[in-house]
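First comes the structure, then the notes that go with it.
Note on naming: letters A, B, ... go to the chains in the order of the sequence lines (proteins, then strands), and numbering restarts at 1 for each one. Side-chain atoms are counted along with the backbone in the values below, which use heavy atoms only and exclude waters and symmetry mates.
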Amino acid sequence: MSYLNVTEIDSALAALTAAYPSLCRLITLPHETYEHRTCYAVHLGTATPSTRDAILIVGGLHAREWGSADIAINFAADLLEAYTAGTGLSYGGRSYTPAEVRTLIEDLDLIVFPCVNPDGRHYSQNVDPGWRRNRNPAESGGAPECVGVDLNRNYDFLWDHVSFYAPGCGIRTSADPCNSSQIYRGSAAASEPETKNCVWLIETYPRIRWMMDLHSFSELILYPWGDDENQTTDPSMNFSNPAYNSVRGLRWDTDYQEFIPPSDLAVFQSMAERIHAAIQEVRGTTYRCQQSFALYPTSGTTGDYAYSRHFRDSARPKIGGFCLEWGTVFQPPWAEMERIILDVSAGLVEFCLAGRSEGGLTEIEPANASLVFLDVPEGETTSRAAVFRVRSSRAVSLQITAGPGVITGPPGTHFGTPLGTVVTLPPVPAPAPERMARVWVSYTGTQAGDIASGEVTIHCPETRGEWTLPITANTIARPTVAVTLVLDASNSMNWLSGLPEPLETRVKTLRFAAVPLAEIIPEGNALGIVRFDEDAHPVMSPTPVGPLETGAGRLAARGHLEGHTPNPAGWTSIGDGLVLAHDMVAPVTGYDLKATIVLTDGHENRPEYIDDVASLINERVYAIGLGTAEVIRPGALLSLTAGTGGYLLLTGALSDDNTFLLSKYYLQILAGVTNAEIVLDPDGWLRPGEVRRIPFRLGESDYGSDVILLAPGCEVFRFSLETPGGDAIDPGHASAGSGVRYVKGKGTSFYRLTLPAAVAGREAHGGVWHAVLKLDDVLFGRYVETHQKRSPKLAREAMAHGLRYNVSAQALSNLKMSAAVAQSGCEPGAVMTLRAVFTEAGLPLAGRARAEAEVERPDGTRAAVYLGEIEPGVLEALLPAPLAGVYRLRVLGSGYSLRGTPFTRERLLTGFVYKGGDRYPPRGGGCRDLDIEAIRACLAEFQGRPPKQALERGSPTRTAKVTRTK
Amino acid sequence: MKDDRQGTDRRGPIPRVLRVRLRAPDREAFGEIDKLGPFDWGGRGPRMDADGRVSGDVFVSPAKYEELKKVTRCTAELIEDATEAGLLRQKEVGRGDRFEGGRRVPRGLGKKG
């Protein structure tokens, strides 16, 4: 064997392509040389190019360094033969396993371009063995010694060395075509077709991560940079900075040193050491590893150009550009060249394996140019992420080094860092997928109309990258809602509710539950009312409720709710009610949300049916079923609510223990549409003389709170609050200026807090608050006396047990728990999926929240179900539903906020299954169409007894009445 | 893919180039050499050892070699006649097309197995 001539190089590539067609593809380079030669490269690999990371190996830029092309072709031939035979590969004392060979062919794209400069090689091999350049005579002026361009000075990296380097720095580049060192840079950057071919490869194969440029001689492994000594501390001192043009390239100075990210330098050094070790193992030859500049200052070299592309345009992949200077002379005797081929081939295999295991140099690119907090409601905190695309298999950190600071904005403007100031991505196996790193910044809405700006600076210690992102924010008024209550007025609303006096009928239960809505709904919202039997009837168009206690809309709504009376001959057309509510709210403008809350105690039996009108409804719909699943047959309601953001709640059969259930449903829905969270929602009894202190916790994420007392004898209660600091708030202390309001309504009274509140000259906010209840002895006496005449049973109950109450502590909060139940079906045997999602300022509360659900099954048995975290901040549990009926679910959330403050949250949910539940919608008929279970349920509802008992004891006369009226 | 192009052959004899090893005791002395450049340093530039001595191989004409020999405090040692060595090496370049236009497959020198 002997050195390849240029014809043989082309033939060798063609032969490899023909012999290994599935592994080796010929690449025809687009730019012909001056002597009209077409250049070829090969792509080695089993997959379509550009589906995996690629490594580019080029050789023969310098004509006289003949062995480079021979090395590259030998390397390709070895890999293809070994892979095909399933063998390993040995070079002297260095061996590679079959698996390692497979890795190179199967996990990488290898692009081998053995002879970049065939014209020069041909000339060197046939005429002047010392020829270095290509054979372009354009600038020679006819002088033979002035022909050609040094291709390794022709790339677009500081190409114009006269402009970019210090005079006298000793740079080995020349603007003189006749320079005796043969280092003429060419007439322009990338002026030469051979250079353009290499650039074309880099741009055509965008997944090239590494490049090796083979040269001779000196037995060196070189890595960037070549223009000056490396430094890793000052990113601004770089080749793109014209401030350093007069000092670049000087040796042994500190005026200028080229910036290289420390993580890149570490990888370069590590890979170079691996190459060095592999070569040494072949036969003991020592190749030294060093920065290119250690040779001499250069400009326009292949390796620096490849590596610099990413720094000039971060959208370009980062390419680690190496150069290997093999041997000790340009053209060793062939026998020695063969030994060098073994040396360098081992180095190349090691280089590719190292490139595969490293995956690539670290690339970080910001995905957003700014942080925009658009329309943040007053008091609410929301978060935006500075997102960075990270490509690295190594650990990468991003840290806020300045800000987030306010540049403009009203007093009180604040940008926060809810998840801290440092984000670290852990190392992952190469090839690393693109990962996203997010550095979160928060903004809290101030006053409506406020505009603010700021900036935050984020730094990556591994790359020394630094980005300053502008921040803009504006505050809007809190979102408002127009709520329409759609109330069942069919005759069955006159029937027994299952609750004790004074809520013994369904309509009384409804009034007790709905009236507080008119009193509690915050100012700025609107309330409308529709009633329906077999037709729908407008009661009150959506009307602004106005101020607390005195608002005209509020008072009117309360009056209508108190006067809600069923139609003794009324049937049920839920669809009619929905359509009318939709028609009434449709023209209403100025509200951010429109919501409908429909309540029914039976299934629809007159048109319009829900399914007929569902496509018209574009409001958020909540539905409450007052009764059992068998009677209400809530399949259509469930379907109606599911797509709107609302949900369905069923009471099931009510009993003494559920006095406040419907009230809770209404309050929870109201909280939902007004963005409030239920913190705590306990029921209890209170006897005269007792003082009940009910603790609830508010945190720094809460910016408002309602503490609501519900009780049929509400006027008897003395209701006060106690701050975490122990200061008392009673109705006499409440005033708008203190951030505390107190409202006494009918069946309810509540405190509305703006947090922090000013109490006793102190600020009250986070910590354990208490709702303090006791009964007024005088009023209690009157209560008993009054009811002894009207309802002796109620009086006896009060004397024995005291009065029932419910306290609901709600919070306007940035820490939110949403909860939902999804069912696999509506027939017994279905599986319910409970899901609770915890967020704070829009961020998942990963690993900080717990949730359990208290389950009350249709047969009255209870169980606790614990939800497990399936993804950050998302907890889930499965619940089988073998029994027909309503499953009441009380989801209790707790945990710690991002600042480590404890919190609690509650949410009521219901699931249901019943025989025939998957066969909705039922239409028409009323009880005449009911199956035996439904008839039992009808009777039970009519008589206020459990179903079986009702059927056994129900009289034929009453059954007939049910049939007629429902 | 037989290459039968004529190429850009130069007129007249090719210049004779010598490989010369330069040694200077320090940077200052080396500066005297550098003034006679620019030089073709091959694949490697001058190297400074830990004791401050500077050395390196250059490819120069015989006339330049004579100049270099005259620099005080420095030595210029003739390593070889690079042109002569290169011309000799041209005899080790393949003739014709051993891969027969792509019909014969090249084998790498690595040991498979």
Side-chain angles (χ1 to χ4, degrees), chain A residues 2-8 10-12 14-16 18-19 34-37 64 73-75 77-78 81-82 85 87-91 119 122-123 125-130 135 137 144-145 147 170 172 174 179-182 215-218 220 295-296 325 330-331 333-334 338 341-342 345, chain B residues 1-12 14-15 17 19 27 34 37-48 57-61 64 79-80 82-113:
Chain A
S2 53
Y3 287 102
L4 302 173
N5 62 47
V6 291
T7 298
E8 289 173 329
D10 292 349
S11 291
L16 291 173
Y34 175 76
E35 294 178 351
H36 305 296
R37 287 184 173 87
R64 63 193 177 188
I73 286 175
N74 182 87
F75 169 73
D78 271 346
E81 186 179 345
T87 69
L89 202 46
S90 296
Y91 298 103
D119 291 356
H122 182 79
Y123 187 74
Q125 289 185 332
N126 292 283
V127 183
D128 182 352
R135 293 297 296 163
E145 66 274 19
V147 167
R172 306 296 165 180
S174 175
N179 177 279
S180 60
S181 299
Q182 302 197 69
H215 285 265
S216 72
F217 57 89
S218 288
L220 293 171
L295 281 180
Y296 41 71
E325 299 271 4
F330 293 124
Q331 298 130 6
W334 178 251
E338 285 191 335
I341 287 173
L342 296 178
S345 293
Chain B
M1 285 193 267
K2 187 172 185 299
D3 191 334
D4 53 4
R5 296 170 189 79
Q6 288 304 304
T8 53
D9 291 354
R10 62 178 294 134
R11 296 177 297 258
I14 58 170
V17 175
R19 180 176 178 178
R27 283 173 60 192
D34 223 16
F39 298 112
D40 180 353
W41 290 90
R44 189 168 196 177
R47 185 173 63 183
M48 188 164 72
D57 288 3
V58 291
F59 293 83
V60 294
S61 65
K64 184 66 72 177
I79 302 299
E80 66 174 351
T83 303
E84 190 177 308
L87 291 171
L88 189 65
R89 209 65 69 225
Q90 284 179 346
K91 295 187 171 69
E92 293 193 70
V93 174
R95 301 296 165 195
D97 181 357
R98 287 167 285 176
F99 305 113
E100 300 171 5
R103 290 185 296 280
R104 189 167 165 216
V105 183
R107 302 280 308 272
L109 298 175
K111 184 179 170 189
K112 289 84 182 176

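- With sequence neighbours left out, B:F39 forms a ring pair (Phe, Tyr, Trp, His ring centres under 6.0 Å) with no residue at all.
- To the nearest 0.5 angstrom, B:I14 atom CD1 is 13.0 Å from A:E145 atom CD.
- Other residues, nucleotides and ligands contribute over 12 non-hydrogen atoms within 6.0 Å of the CD atom of B:E100.
- Across every non-hydrogen atom of B:P46 and A:R172, the tightest pair is CD-NH2, 4.0 Å.
- Side-chain contact between B:K112 and A:L89 is present, with at least one heavy-atom pair separated by less than 4.5 Å.
- Residues A:S345 and B:L109 fail the side-chain proximity criterion, which asks for heavy atoms closer than 4.5 Å.
- In terms of heavy-atom proximity, B:G102 sits nearest to A:A18 at O-CB, 4.4 Å.
- Side-chain atoms of A:Q331 never come within 3.5 Å of backbone atoms of B:R89 as a donor-acceptor pair (strictly under, hydrogens ignored).
- For B:R107, the salt bridge (Lys or Arg N to Asp or Glu O under 4.0 Å) test picks out A:E81, with sequence neighbours left out.
- Ranked by non-hydrogen atom pairs under 4.5 Å with chain A, the options B:S61, B:G113, B:A82, B:A85 are led by B:G113.
- By the 4.5 Å heavy-atom criterion applied to side chains, B:F99 and A:L4 are counted as neighbours.
- B:Q90 CD to A:N5 CG: the interatomic distance, rounded to the nearest 0.5 Å, is 12.0 Å.
- Contact detail for B:G108 and A:A77: the closest heavy-atom pair is N-CB, 3.7 Å.
- Taking the ring axis of B:F59 as reference, the NZ or CZ atom of A:R64 stays within 45° of it and closer than 6.0 Å to the ring centre.
- Pairing each heavy atom of A:A19 with each of B:V105, the nearest pair is CB-CG2, 3.4 Å.
- Separating the CD atom in A:E8 from the CZ atom in B:R95 is a distance of 9.5 Å, to the nearest 0.5 Å.
- Within the 4.5 angstrom heavy-atom criterion, only side-chain atoms of B:R19, from C-beta onward, approach chain A.
- Interface residue A:Q182: only side-chain heavy atoms are found under 4.5 Å from chain B.
- Between A:A14 and B:G101, the shortest heavy-atom contact is CB-O, 4.5 Å.
- B:P38 and A:S180 make their closest contact through O-OG, 3.4 Å (heavy atoms, listed as atom of the first residue, atom of the second, distance).
- Counting only heavy atoms from C-beta outward, the side chains of B:V17 and A:P129 never approach each other to under 4.5 Å.
- Both the backbone and the side chain of B:R98 come within less than 4.5 Å of a heavy atom in chain A.
- In this structure, chain B has heavy atoms under 4.5 Å from both the backbone and the side chain of A:A82.
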